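Here's the structure, in C-alpha cells; my notes come after.
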Amino acid sequence: MNHESLLHISKREGLVWWQAWLIRLASLLLGMVVSAAFIYTITKLNPVRVYAAMWDGAFGTTRRAWVTTRDAMMLLCIGVGLAPAFMMRFWNIGAEGQILMGGCATAAVLLYAGNAFPSWLLLLLGALVSVLAGALWGIVPAFFKARWNTNETLFTLMMNYIAIQITCFLVAKWENPKGSNSVGIINSRTQAGWFPSLFGQQYVMNVILVLAIAVLMFLYLRYTKQGYEISVVGESENTARYAGISVRRVLIRTMAISGAVCGFSGFIAVSGSGHTISVDTAGGRGFTAIIVAWMAKFNTFVMILIALLLVFLEKGAIQIASQFQLNDYASNVVEGIILFFLLGSEFFIQYDLRFRSHSHKKEVQA
Amino acid sequence: MAEEFAVRMVDVTKSFGHVLANNKVYLELKKGEILSLLGENGSGKTTLMNMLAGIYFPDAGQIYINGREVTISSPHDAYKLGIGMVHQHFKLVDVLTAAENIALGLPGGVLVDRKAIAKRIREICDRYGFAVDPDKKVYDMSVSEKQTLEIVKTLYRGAEILILDEPTAVLTPQETENLFAVMRNMRADGKSIIIITHKLAEVLAISDRVTVLRKGEYIGDMDTAKADARALTDMMVGRTVTLNIQRDEPENAQRRLEIRNLTVKDKDGVTRLDDINLDVYAGEILGVAGISGCGQKELLETIAGLQPAASGSSVKYRPTGPDGPAEELLGLGPRAVSDRGIRLAFVPEDRLGMGLVGSMDLAGNMMLKSYRTQGKGFFTERRKPYELAKEVVRQLEVVTPSIETPVRRLSGGNVQKVLVGREIAMHPSVLMSAYAVRGLDINTSYTIYRLLNEQKKAGVAVIYVGEDLDVLLQLCDRIAVLCGGKLNGVLDGRTATKEEVGYRMTAMAGAGKEARV
C-alpha cells in the first residue's frame, strides 16, 4: 500500500535557546572526538597532546594571543558587515571584493598623502574612502537587483574578480621595490596612517573599532526602523509592499551599509594589521565570514564567539602542522571535521528526527 | 462482455487534518466519453482527481479501472494504469525542450534517442491535431503551448484516461476552441477524458456527461444533453443553509469609495478587471462574490495600491460623504495612502505571505503598518505594539504561548485573529477582507463576522470578498458579483437568492448592460 519511510523528519518548533546551544556544544565535542580518532588512526599521535598544541598555537604566547585576537576581529568585522545583507536574504558573497576595494582605497591614501597629512587625518581619510569604496561595491549589485532583478549571488561573486584585478593592477603600479611584485610595507619608516599602539599593545584599536561596530550593528538591526524594514523585506517582499516599504530602496540602502562595513574591514587590514595591500589582503575571509554570520543567526555578539573559534582552529592547525611535522592537509582535515559537525548541528536544531515504528500506520499527507 | 467503465470510484473519502475534502464520493467515467467534473472552489474536485493520479492516497473507498479494483499509491502506478493528469500548474522544466520534457523520467538508459522521440511526438500530434515543436524550449512557449505539451506528454506515456484540471482557465477563447477540438479527436480515438471545470458553458459545450460535487460530497450526475445551466447551478450551490449571522440595517450609509472604469491588466497583459463601476458605502458590508480568479484579488489590491490600474481608471475616496472632498487613491501606493491619513485596512488572502511577517512575534507584527510614525526618529517604538498585541490577544482570545511567539507557529485561526485585530486597531475608515474565514473553524468564523459587523456599526465601509454563498447572503448588505473580471450585477443581500448569485457567477447577464442596484 502506501510507502512510508522509516525515518521521519519534521520541523522542530519551539526549541528554547539553551537547548539549541546544548546541541551546538555537543556537536563541537563530538567533532573533537571524531577528529581525535582521525588523528590517532592516521598519525598515532596522542590526541590530547595535539589539542594542547592547537591551544598553544593560538594562545601560547602573548604575541600569539594578540594575533589570534586581531584576526578574529577582522573576521568578526566582515561577518558584521554581511549580517544586514543576509538578514534581507540578499546573498552577498562579494565581501571579498568589498574588502579589497576598501583596502586599495586606504592604501592609496597612505601612499599618496602619507607625507602631506598628519597620521590621525590619514586614518580618518582612510576610513572614509574605504567605507565609500566598499559601499560602492555593494550598491552596484543591489542596484541591478532592484532594477532588473539580476541574481545577486552571481553578481557579487563577479564583483570579487573585478576587485581582484583592480588590486593586481594597483600592486603593479605601486610596486616597491621594483621587481618585487609587491607593494611592501607602506610608510614603514614614518608609520604614517598606521593604527597607533594603545595601552602598549599594537592591536587594541582593532578590537575597540570592531567591537564598536558590532554593538552599533546589533542596535541597528534590532532597534531601528531601518533594521525592522530589513527583516520584513527578508521575510517576504509582498508583505513589505503591503506595509508600504519600498523594497528597492531598502535593497540598495542595506547593501550600501553591508559593503561599507566590509570596506571598513579592508581599512583595518591595511592600516591596522598588514600595512600593505595585495590580492591576499582579503585572503578568503570574505567567504569564511559567511559561516560566521549564518551560524550566529546575525546576532553580532554570538559572532564574536564563532569568529574566535574559527581563527583558533586555523591557528591551531598551523601549529600542529609544524610541531608534529604533519603537512598542512592533516590539520585542515581536523579543522574541516569540526566545522562539519558545527554546521551539521544546525540541521538538528531546525529539524526533529524520529524513527517510525511499523506498528502505527498513519496516512501521510502528500 | 467488455467493461463499460474506464473508471469507477466508489465511496472515496479523503481528509486533511479536520477538513473532510472528499466524503464518500462516487464517480464513473465511461470509455470514450468526456465527463465534466463540476463544482465550486473547495468542493473537492482536484483532490478527487489527485487520488486517481496517485498524488494523494484515499483514506477509504475503492477505485476500479476497467472493472478491476486497483491501488494507486504513486503517479507511477497511475501511469501504469494508463491514467494521465494535466495539472493546473504545469510540471515542466523550463530550460529543456519539449522532447526532453517528454523523455524526462521515462524508463530507459542514460542516452536519449532524440530522433525516435521526436518521431513519436509528431505521430501523436498528427493523429489528434496538436501543434508541438519538439525542439522548442519550454521558456519560449506560451501558456497554451505548455498545456498542449503536457497533454502530449501524458499521451506519449500511453495514457488512455486523461484528466484535465481546469484547462481553460489559462486559455483565450480561440485556444479553448482548439483544445476542445483536440479533445473531441481524442474521444473519437477511444480515450476517456475527465475535465475539471466550474464554467457551465464549457460543460454544456464539450462534455457528454457531468458529475457535480459540492463541499466534498457527490451530488449527482446527468447527461449533458438533458442538463441546462439553471439545473446545474442549483446542483452546484445547493439549498440555502441558515447560519444566524447577525445583520443590522445600515445606518447613515454614505458613499465612501467611488470605483469608476476600473480596468486592471496583469504582467502578461491579460485583463483581470474589466471596466468596473461600483460604489462602497460607509456603514455597510459589501460582499464580493465570484469564482476564484475572477478579479477579486485584483480589485482589493488595486484599491490598496499594490497593483497598477490601466489609465482612465479611478477610485475616489470620500471621507465625509458624497458631497465632501474627494481623494484619488489610484497611483498613490500604500505608503502615500497612510501618509495622507487615509485609514485603509486590508486583510489579504495570503495571511502569512502578505499581511504578516511569519518569523516575527506578535508585537513585531503589530508595528507593520505603524512603525514609521511611532517611535522617536530613527528608532522603533516597542512598548506600544507590545501593549497592542496583548490587547488583541485578550480581546480576540488569541491562543498563543506568548506575545514573543513567531506568528508562523500559531494555528490558522489565531493567525487570522492577529491580522484582523491589527487592522481593526488602526480604526479604519475602509476595511477590505479577502476570504477572511477560509480554513477557520465555526467559532472563529463567527468571531470574524461579529468583528466585521462591529466595524459596520462604527461607520466603516466594509468589503467582504467571500466564497461561501450562504455567508455572503446572510452577512452582506449588498453583493457585487464578479464574472471573468467583469461586474455581473450588484444584488441586495436581503432579497437575492443563492441560485441568482450562483448563476451570475458562472454566466454573464445580457451582454453590455449591467444590472446596478
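What's counted below: heavy atoms across the whole structure, side chains too, no hydrogens, waters or symmetry copies. Here is the naming used below: chain letters follow the sequence lines, and residue numbers restart at 1 for every chain. All figures in this text were calculated on a predicted structure; none of them were measured in a lab.
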* To do: Only pairs at least two apart or in different chains count here, so list each ring-ring contact (aromatic ring centres under 6.0 Å, His included) that has a residue in residues 360-386 of chain B.
  =>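 Every pair satisfying ring-ring contact (aromatic ring centres under 6.0 Å, His included) with a residue in residues 360-386 of chain B: A:Tyr228-B:Tyr371.
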* Any A:Val232 side-chain heavy atom under 4.5 Å of B:Met360 side chain ->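 Heavy-atom side-chain distance check passes, below 4.5 Å.
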* **Contacts of type salt bridge (Lys or Arg N to Asp or Glu O under 4.0 Å), residue B:Glu404, not counting sequence neighbours** =>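 Partners of B:Glu404 by the salt bridge (Lys or Arg N to Asp or Glu O under 4.0 Å) criterion come out as none, since no residue qualifies.
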* Asked: Heavy-atom count around A:Phe347 CZ within 6.0 Å, excluding the residue itself: above 12?
  ->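 Atom CZ in A:Phe347 is packed in, count exceeds 12.
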* Please check if atom CD in A:Gln226 has more than 12 non-hydrogen atoms from other residues, nucleotides or ligands closer than 6.0 Å. =>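 Result for CD/A:Gln226: enclosed.
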Do you know which two heavy atoms are closest between [X] and [Y], and how far apart they sit?
X        : Y        : result
B:Leu356 : A:Thr239 : O-OG1, 3.3 Å
A:Tyr242 : B:Pro334 : O-CB, 3.9 Å
A:Arg241 : B:Leu306 : NH1-O, 3.0 Å
A:Gly244 : B:Arg372 : O-NH2, 3.0 Å
A:Asn238 : B:Gly353 : CB-O, 3.3 Å

* Engaged part of B:Leu352 at the chain A interface, taking heavy atoms whose separation is under 4.5 Å ->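 For B:Leu352, the contact with chain A is made by the backbone alone.
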* With a 4.5 angstrom heavy-atom cut-off, could you sort out which part of B:Ser338 is near chain A: side chain, backbone, both or neither? =>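 For B:Ser338, there is no contact with chain A at all, as no heavy atom is under 4.5 Å.
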* Asked: So which bits of residues 416-430 of chain B come within less than 4.5 Å of chain A, counting non-hydrogen atoms only?
  ->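 Interface residues of residues 416-430 of chain B: B:Leu419, B:Arg422, B:Glu423.
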* Could you check which of B:Glu301, B:Gln374, B:Met367 has the highest count of heavy-atom pairs closer than 4.5 Å to chain A? =>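 So the answer, after comparing B:Glu301, B:Gln374, B:Met367, is B:Met367.
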* Interface residue of largest heavy-atom contact number with chain A, from B:Pro401, B:Gly333, B:Pro348, under 4.5 Å ->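 Maximum pair count with chain A is reached by B:Pro348.
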* Option that, when pairs with chain B are counted at under 4.5 Å, heavy atom only, ranks first among A:Ala243, A:Ser246, A:Gly234, A:Ser231 ->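 Between A:Ala243, A:Ser246, A:Gly234, A:Ser231, the count favours A:Ala243.
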* Any sub-3.5 Å donor-acceptor pair from A:Ser236's side-chain atoms to B:Met354's backbone N or O? ->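 Pair absent, no side-chain N/O of A:Ser236 close to backbone of B:Met354.
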* To do: Select all residues of residues 136-146 of chain A having any heavy atom within less than 4.5 Å of some heavy atom of chain B, and report them by number, or 'none'.
  =>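 Within residues 136-146 of chain A, no residue comes under 4.5 Å from chain B.
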* Asked: Would you call B:Glu381 and A:Lys225 a salt bridge, using N to O less than 4.0 angstrom?
  ->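 No.
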